[in-house]
**Student:** 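My structure is below; once you've seen it, I'll send some questions.
Numbers here are sequence positions counted from 1.
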Amino acid sequence: MTGTLPHVVALGGGHGLYASLTALRDVSETLTAVVTVGDDGGSSGRLREEMSVVPPGDLRMALSALCEDTAWGLTWRDVLQTRFDTSGPLDGHAVGNLLIAGLWQHTGDIVGGLDWVARLLRAKGRVLPLALDPLEVVAQVERDGELCEVRGQVAVATAVGRVTALRMEPVAPRVPPATLAAIAESDMI
């Protein structure tokens with residue numbers, strides 16, 4: 001282990017990862033969130049579809065969990081989490097999702113864009129995507145004795161029936177070197 005506190009990598013997404021990161025912030029010298037990129041609902045799903053990018057929502061949540069605990073960090077955390085309430089095409093989009101997607105478009109670099117947002121938040125840790133390609137959850141669901149294939153995180157989560165098999169596509173997504181390095185250098189996952 002490096003120093004007195006461990007280098008921790010937390011894997012996951014959404015509210016569960018947010019809660020874990022909030023708890024780990026003060027017990028790790030180096031904290032890295034490796035975030036799933038399979039979300040296809042809401043603002044993330046819309047940006048994923050329209051811009052052909054990994055969904056930014058779970059990455060935004062992880063960044064928000066790691067923000068500096070000052071007026072600066074907390075204000076930017078709240079701005080990132082704010083959702084537009086309009087009668088137009090911005091309705092439901094999180095400001096942070098648009099900022100992250102905009103940085104990706106501007107820099108052409110998913111990891112670099114996330115690092116820019118982390119600097120803005122003065123984050124206590126780093127947020128990395130699990131993959132550079134959007135992942136798709138695919139389930140085999142048994143319904144009334146018949147098997148059917150259900151695609152997409154939202155569809156799988158709301159599918160009626162019993163999930164009998166689960167996989168991710170693509171099977172071998174591109175993984176950022178920074179993600180592999182963070183895992184290799186960690187003391188705990």
**Student:** Hey, any chance V154 and V37 share a hydrophobic cluster, counting ILVMFWY side chains that come within less than 4.5 Å of each other, even indirectly?
**Tutor:** no
**Student:** Roughly how far, to the nearest 0.5 Å, is the CD atom of E68 from the OG1 atom of T75?
**Tutor:** 11.0 Å
**Student:** To the nearest 0.5 Å, what is the distance between CG on D69 and CG on L66?
**Tutor:** 12.0 Å
**Student:** If you look at every heavy atom in S186 and V9, which pair is closest and at what distance?
**Tutor:** CB-CG2, 3.6 Å
**Student:** So, S20 side chain and G16 main chain: donor-acceptor pair closer than 3.5 Å or not?
**Tutor:** yes
**Student:** Run R167 and E149 through salt bridge (Lys or Arg N to Asp or Glu O under 4.0 Å) and show every step you take.
**Tutor:** CA-CA 11 Å; R167 71 179 188 277; E149 184 175 272; 3.2 Å; yes
**Student:** Which of these passes side-chain hydrogen bond (donor to acceptor under 3.5 Å, both in side chains) with N97: Q81, R48, R60?
**Tutor:** R60
**Student:** To the nearest 0.5 angstrom, please state how far the CG atom of L24 sits from the CE atom of M188.
**Tutor:** 9.0 Å
**Student:** Give a yes or no on whether the backbone of E142 and the side-chain of T164 come within a donor-acceptor separation of less than 3.5 Å.
**Tutor:** no
**Student:** Would you call L59 and L114 a side-chain contact if the rule is heavy atoms closer than 4.5 Å?
**Tutor:** yes
**Student:** A side-chain contact here means heavy atoms from C-beta on lying under 4.5 Å apart; do D115 and D109 qualify?
**Tutor:** no
**Student:** Would you confirm whether R126, through its side chain, and V34, through its main-chain N or O, come within 3.5 Å as a donor-acceptor pair?
**Tutor:** no
**Student:** Are any non-hydrogen side-chain atoms of L121 and W72 less than 4.5 angstrom apart?
**Tutor:** no
**Student:** Using salt bridge (Lys or Arg N to Asp or Glu O under 4.0 Å), reason through K124 and D26 one step at a time and then give a plain yes or no.
**Tutor:** CA-CA 9 Å; K124 292 182 69 176; D26 297 321; 2.9 Å; yes
**Student:** With the side chain counted from C-beta on, respond yes when V35 and L128 share a heavy-atom pair under 4.5 Å apart, and no when they do not.
**Tutor:** no
**Student:** Rounded to the nearest 0.5 Å, how far apart are CG of L166 and CD of Q140?
**Tutor:** 10.5 Å
**Student:** Considering non-hydrogen atoms only, spot the tightest contact between P134 and P55 and give its length.
**Tutor:** CB-CD, 4.3 Å
**Student:** State, to 0.1 Å, how close L130 and T36 come at their nearest heavy-atom pair, and which atoms those are.
**Tutor:** CB-CA, 4.3 Å
**Student:** Looking at CG of L11 and OG1 of T179, how far apart are the two atoms once the value is rounded to the nearest 0.5 Å?
**Tutor:** 10.0 Å
**Student:** Looking at D187 and P6, would you say the former's side chain and the latter's main chain have a donor-acceptor pair under 3.5 Å?
**Tutor:** no
**Student:** Of all heavy-atom pairs between D58 and G13, which one has the smallest distance, and what is that distance?
**Tutor:** OD2-CA, 3.9 Å
**Student:** What are the two closest heavy atoms between R143 and V160, and how far apart are they?
**Tutor:** NE-O, 2.7 Å
**Student:** Less than 4.5 Å apart, any side-chain heavy atom of L99 and any of L80?
**Tutor:** yes
**Student:** Any Lys/Arg nitrogen of D40 or R151 sitting under 4.0 Å from an Asp/Glu carboxylate oxygen of the other?
**Tutor:** no
**Student:** Establish, from distance only, whether the side-chain atoms of R83 and H93 form a donor-acceptor pair under 3.5 Å.
**Tutor:** no
**Student:** Linking I/L/V/M/F/W/Y whenever any side-chain heavy atoms sit under 4.5 Å apart, do L47 and L90 land together?
**Tutor:** yes
**Student:** Assigning hydrophobic clusters by single linkage (Ile, Leu, Val, Met, Phe, Trp, Tyr; side-chain heavy-atom cutoff under 4.5 Å), is V127 placed with V111?
**Tutor:** no
**Student:** Between Y18 and T22, is any pair of side-chain heavy atoms under 4.5 Å apart?
**Tutor:** yes
**Student:** List the atom of S28, the atom of V8, and the distance in Å for their closest heavy-atom pair.
**Tutor:** OG-N, 3.5 Å
**Student:** Would you mind reporting whether L132 and P173 have side-chain heavy atoms less than 4.5 Å apart?
**Tutor:** no
**Student:** Heavy atoms, side chains only, cut-off 4.5 Å: are V53 and W104 in contact?
**Tutor:** yes
**Student:** Roughly how far, to the nearest 0.5 Å, is CG of D133 from CE of M168?
**Tutor:** 11.0 Å
